[in-house]
Amino acid sequence: MPSPSVSAPGVRQKTFCFRCIGCANLTETAQQDFRCAQCRDLLEIVYPAWKEGKLGPETLKSAWQARRLSSKPEDLSGVWRFRDLLPLVEPEQVISLREGNTPLYELSQCARIAGVPRLFAKHQGMNPTGSFKDTGMTVAATFAQRAGFKWVACASTGNTSASMAAYAARGGMRSLVLVPEGKISWSKLSQALDYGAVTCQLRTDFDGCLRLLQELVLRAPVYQLNSINPFRLEGQKTLAFELLEQMDWNPPDHIIVPGGNLGNSSAIGKALVEMRDLGLILRLPKLSVIQADGANALVRTIRETAGKKLVSVAPETRATAIRIGNPASWKKAAHVIEATGGACEQVSEVEIAQAKAEIGAEGIGCEPASAVTLAGLKKLVELGFVKPRETVVLVLTGNLLKDPDYTIEFHRGELMAEGDGARSLVPLRHAPIVLDATLDAVMRTLERNEKS
Ligand code: F0G
């Protein structure tokens, strides 16, 4: 079967083109594996027309502000509100679930714990399917449909599949999900099922699923919606636009993100550089990426090869969203860390569990993969990389409800063995208490807890 091209009828192609991140080759169309036909490296989307300098920063800012008062569907989306910096489509083509528009919360207790004066959480878990994936999916699913595809597909640790299945369903497309058997949370799996995806649990890990998908998309007319797809990253860029707007265009000193397949860090970094180049911000925040120490491919790649050659690892972490050993966008991520002067660190399972409970204790809550950001911040403060006067934003990528098993096991003390530093977690636990249904039993529990 011939592999379909992603150029689409009705799309105003001239507004953007694909550029290879390796050899800088420019093309107007891309094949389904989204790799350069010459050197096989990944593609990114660029906008040659921006060079003409017509996009004044003040004009953009006021257009985005004005759209907040509009009730048009394309303005109600926190992604398409920033469409001036995205590949253009006609408004009626957009598949949207009103993604984006996520809150920026101040975390004052976590700030004290980490030792910084101001700490914020940009909570992408407040998106329609509960993770940051929705911001990229609205763009990529829209382009899949415009290109005439009936099927979309992804490999996933859970959140991508939940998001893809939802957007495919909204756009009237079928979806095929490849997930590692037994290694994704039931919540995420159940979302894909409810949104009607054909869901395959493969006896492999995420990297095995992604390898298979890459072969599949070259053989069958299915549109791949992993973050190798550069349209996904364009949508995910809007997190940074929205964040800076929420901060009145005063950049924080640091933005900290979890790293898995490394699409999100790449997207946020791309947005920061674009904003600087367009004059929307005058200085770049440092973008730092944090991984679990059992899935630390980027950390090792930067430490052992100065970011030049991927060091793959056999991944193991209870933060299953980032249980990835062979991240596809490692080169893009290494580049944005360097371009912004950021850092790349790893944190242990105990540190992740502790950070997740500390974020939860502020009434916010997130999934374990998101909590690596706070754990990583503590480490970056200790190392002196984040200075005591600096403002920091953590990107919380997924909702607490995405992985309830983890949270329940944590509070019951079943998540990990007592050794390995897990003793420090005991004061953070709040196990459920089983009681006889009497007033006396409940009163005594209340009294006991008042004393503690
Ligand atoms: N946080 C959460 C909650 C995630 O689901 C993911 C990735 C990441 C962080 C890492 O982001 O891959 O862009 O570096 N989840 C993917 C998935 C791999 O299939 O849902 P990344």
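Remember, it's 1-based here, ligands and their atoms both numbered in the order they're listed.
- Atoms of ligand 1 lying under 4.0 Å from at least one heavy atom of E367, given by number and element, are 3 (C).
- Which parts of ligand 1 touch S156 is read off a 4.0 Å heavy-atom cut-off, strictly below it: atoms 17 (C), 19 (O), 20 (O).
- Taking the side chain to side chain contact (heavy atoms under 4.5 Å, CB included) definition, one finds that A166 meets it with L97, T129, Y195, sequence neighbours left out.
- Interface atoms of ligand 1 facing N159, defined by a heavy-atom separation under 4.0 Å, are 2 (C), 3 (C), 4 (C), 5 (O), 20 (O).
- Considering backbone and side-chain N/O atoms, S161 never comes within less than 3.5 Å of an N/O atom of ligand 1.
- A333 meets the side chain to side chain contact (heavy atoms under 4.5 Å, CB included) test with L262, S265, S266, L298; sequence neighbours excluded.
- Residue-to-ligand polar distances keep F206 apart from ligand 1: every N/O pair is separated by 3.5 Å or more.
- Side-chain contact of T397 with Q124: a donor-acceptor pair under 3.5 Å is absent, judged by distance alone.
- Taking only nitrogen or oxygen atoms, main chain and side chain alike, G260 reaches within less than 3.5 Å of ligand 1.
- A 6.0 Å sphere centred on CZ of R98 holds no more than 12 heavy atoms belonging to other residues, nucleotides or ligands.
- Looking only at protein heavy atoms, the nearest one to atom 9 (C) of ligand 1 is T397 OG1, 3.6 Å.
- Protein heavy atom nearest atom 7 (C) of ligand 1, with residue, atom name and distance: K133 NZ, 3.0 Å.
- Interface of G259 with ligand 1, defined as ligand atoms under 4.0 Å from a residue heavy atom, comprises 14 (O).
- Judged by the shortest distance from any of its heavy atoms, I324 lies inside the 4.0 Å radius around the atoms of ligand 1.
- Looking only at protein heavy atoms, the nearest one to atom 8 (C) of ligand 1 is I322 CG2, 3.6 Å.
- When only non-hydrogen protein atoms are considered, atom 6 (C) of ligand 1 lies nearest to F132 CE2, 3.7 Å.
- T157 OG1, 3.4 Å is the protein heavy atom nearest to atom 18 (C) of ligand 1.
- Residue contacts with ligand 1 include G158, since one of its heavy atoms falls under 4.0 Å from the ligand.
- Atoms of ligand 1 found under 4.0 Å from any heavy atom of N261, numbered from 1 in the order shown, are 12 (O), 14 (O), 21 (P).
- Near A321, meaning under 4.0 Å from one of its heavy atoms, ligand 1 places the atoms 2 (C), 3 (C), 4 (C), 5 (O), 6 (C), 7 (C), 15 (N), 18 (C).
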